[in-house]
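Remember, predicted model here, so these are calculated numbers, not experimental data. First the proteins, then the strands, lettered A, B, ... as listed; each starts at 1.
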Protein chains: 2
Amino acid sequence: MAIQVATDAVVFGYEARKGLCLLLIQRKTEPFAGSWALPGGFVLEHESLEQAVQRELEEETSLRVNYMEQLYTFGDPERDPRKRVISVAYFALVKRNGQALQASTDAADARWFAMEQLPALAFDHTHIIAKALQRLQAKLSYEPLGLELLDEKFPFSELQQLYECVLQRPVDRRNFKKKFMSLGILDELNEKSVGVGRPAGLYRFNRDKYNERRQQGMVLEIL
Amino acid sequence: MAIQVATDAVVFGYEARKGLCLLLIQRKTEPFAGSWALPGGFVLEHESLEQAVQRELEEETSLRVNYMEQLYTFGDPERDPRKRVISVAYFALVKRNGQALQASTDAADARWFAMEQLPALAFDHTHIIAKALQRLQAKLSYEPLGLELLDEKFPFSELQQLYECVLQRPVDRRNFKKKFMSLGILDELNEKSVGVGRPAGLYRFNRDKYNERRQQGMVLEIL
DNA sequence: ACAAAAGTGTTCACAATACACCCATGC
DNA sequence: GCATGGGTGTATTGTGAACACTTTTGT
């Protein structure tokens with residue numbers, strides 16, 4: 001009997017109200033049927049690892065992600081109680097606006113959970129999530145990953161709140177804006193947000209400028 | 001037919017004369033028999049991934065490494081011409097002083113190659129090595145990994161040369177020493193090196209102090 | 001007019017950089 | 001005494017951090 005290869009996706013979303021959220025599915029099948037778990041499943045013979053994660057994610061939640069990278073491979077012989085399975089975990093970010101979740105195929109349900117209110121999880125998924133959160137926090141400081149979590153257009157304060165929420169510490173408004181704007185990857189739009197208080201200018205991520213700077217070997221230290 | 005799981009080890013060594021070196025083995029078996037490749041092989045049913053890399057490394061080269069961490073998992077369906085194999089690559093550092101290489105079991109030969117003079121390699125190993133080198137360069141800047149490549153006792157200039165060699169740029173002697181010493185993780189010994197020119201003071205890595213600082217959440221930015 | 005959130009500049013302290021001369025040993 | 005590499009300090013510049021008041025809107 002051979003070793004099986006699976007993938008799991010740690011998918012983060014962000015909402016101003018709930019803060020950082022995580023996408024989980026409820027398992028239909030043993031082991032851990034009924035438990036909440038990361039979306040994922042076995043890799044097919046002829047697909048790449050990336051294709052496998054994306055396929056599983058779509059099958060289980062009908063979701064398309066905005067950013068994805070490999071996180072880590074978990075291979076403890078005891079991580080699956082039934083057989084030997086190693087899992088290549090991926091780390092993903094998604095803009096939540098609009099996209100509805102829709103459980104299907106292998107999942108009984110799919111839901112967003114606030115990071116502070118995660119349910120008990122199957123396998124070693126708590127461990128995987130911890131690693132993903134570390135990665136997110138680390139990368140946020142030197143890559144503009146936060147922009148992958150926000151809507152197309154957003155007020156600057158939302159970006160700041162995202163940073164504060166993920167890094168779990170306050171961020172000075174003026175210093176943050178100064179530094180972030182100096183990266184030259186945000187465009188200010190001629191639109192204002194609505195709501196209570198003074199309307200805020202809206203910004204948009206300029207991916208072209210970003211790629212340009214990257215290619216020039218520019219290091220983007222944000223915090 | 002299932003997917004197979006293998007591990008590969010990218011093992012770096014350092015020698016003042018040759019600079020950064022890489023450990024390669026010559027394959028005995030198909031595919032790519034006779035080619036040079038990274039040490040590695042299939043994971044057994046009941047061992048962890050780490051155990052697998054270390055076992056393979058010992059079988060093929062009789063070497064024990066000094067530092068090891070997971071690098072990345074390579075899963076392109078075409079990476080092995082015969083069957084589907086995914087490989088979990090590890091990144092390792094070894095102090096070269098003394099330890100003799102000894103090819104055995106699965107390897108026809110095992111040798112250190114200077115990074116600038118690598119032979120043609122089997123599979124996607126060139127790609128794996130490129131990723132490992134990136135990782136080494138990146139980590140060297142914020143973790144004292146260089147110390148895992150040097151002898152127990154070393155003159156400060158050797159550490160500096162190691163950094164210059166890996167990062168491929170000159171480093172100012174005084175600034176480098178100031179910064180590195182301010183980390184408080186090196187002990188100066190009452191011994192001097194011998195050789196041509198003025199004898200140099202010898203230093204030793206104090207792992208206890210290092211772990212202490214880490215636990216205090218200290219960030220070690222080196223360059 | 002008041003509550004709520006947005007916008008904006010300056011000062012200060014520390015850290016990174018650049019830089020050149022003298023010292024100890026072996027041959 | 002000369003060649004080789006080792007050792008050290010200071011001045012300048014740039015960057016990160018701290019900090020408070022005014023503006024715009026809705027109610």
Check for a donor-acceptor pair, side chain of R213(B) on one end and backbone N or O of L183(B) on the other, with a separation under 3.5 Å.
-> yes
Enumerate, atom names and distances included, each donor-acceptor pair closer than 3.5 Å involving a side-chain atom of residues 138-150 of chain B, sequence neighbours excluded.
{"residue": "K139(B)", "atom": "NZ", "partner": "E69(B)", "partner atom": "OE1", "Å": "2.8"}
{"residue": "S141(B)", "atom": "OG", "partner": "Q137(B)", "partner atom": "O", "Å": "3.4"}
{"residue": "E148(B)", "atom": "OE1", "partner": "R207(B)", "partner atom": "NH2", "Å": "3.1"}
{"residue": "E148(B)", "atom": "OE2", "partner": "R207(B)", "partner atom": "NH1", "Å": "3.1"}

Rounded to whole Å, CG of L202(B) lies from P of dG6(D) at a distance of 11 Å
Determine, for nucleotides 15-24 of chain D in 5'-to-3' order, which nucleotides have protein heavy atoms under 4.0 Å from the base (write B), from only the sugar-phosphate (write S), or from neither (write -).
-> --BBBB--BB
Flag, side chain of Q70(A) to backbone of Y90(A), donor-acceptor distance under 3.5 Å | no
Under a 4.0 Å heavy-atom cutoff, the residues of residues 145-159 of chain A touching DNA chain D are none
Residue list, side chain to side chain donor-acceptor pair (under 3.5 Å) with D187(A), at least two apart or on another chain | N206(A), K209(A)
Considering residues at least two apart in sequence or located in another chain, which fulfil the side-chain contact (heavy atoms from CB on, under 4.5 Å) criterion with K178(A)?
-> N175(A)
Integer-rounded Å distance: dG7(D) C1' and M181(B) CE = 12 Å
Flag side-chain contact, heavy atom, 4.5 Å: M181(A) against Y203(A) | yes
Taking atom P of dT8(C) as reference, at what distance in whole Å does atom CD of Q160(A) sit?
-> 14 Å
Listed pairs under 3.5 Å, donor-acceptor, residues 118-127 of chain B side chains, sequence neighbours left out:
{"residue": "D124(B)", "atom": "OD1", "partner": "R79(B)", "partner atom": "NE", "Å": "3.4"}
{"residue": "D124(B)", "atom": "OD1", "partner": "R79(B)", "partner atom": "NH2", "Å": "3.0"}
{"residue": "D124(B)", "atom": "OD2", "partner": "R79(B)", "partner atom": "NE", "Å": "2.8"}
{"residue": "H125(B)", "atom": "ND1", "partner": "L38(B)", "partner atom": "N", "Å": "3.0"}

Could you tell me whether the phosphate oxygens of dA24(C), OP1 or OP2, come under 4.0 Å of any side-chain nitrogen or oxygen in K192(B)?
-> no
May I ask you to check whether over 12 heavy atoms, not counting those of R64(B), lie within 6.0 Å of atom CZ?
-> no
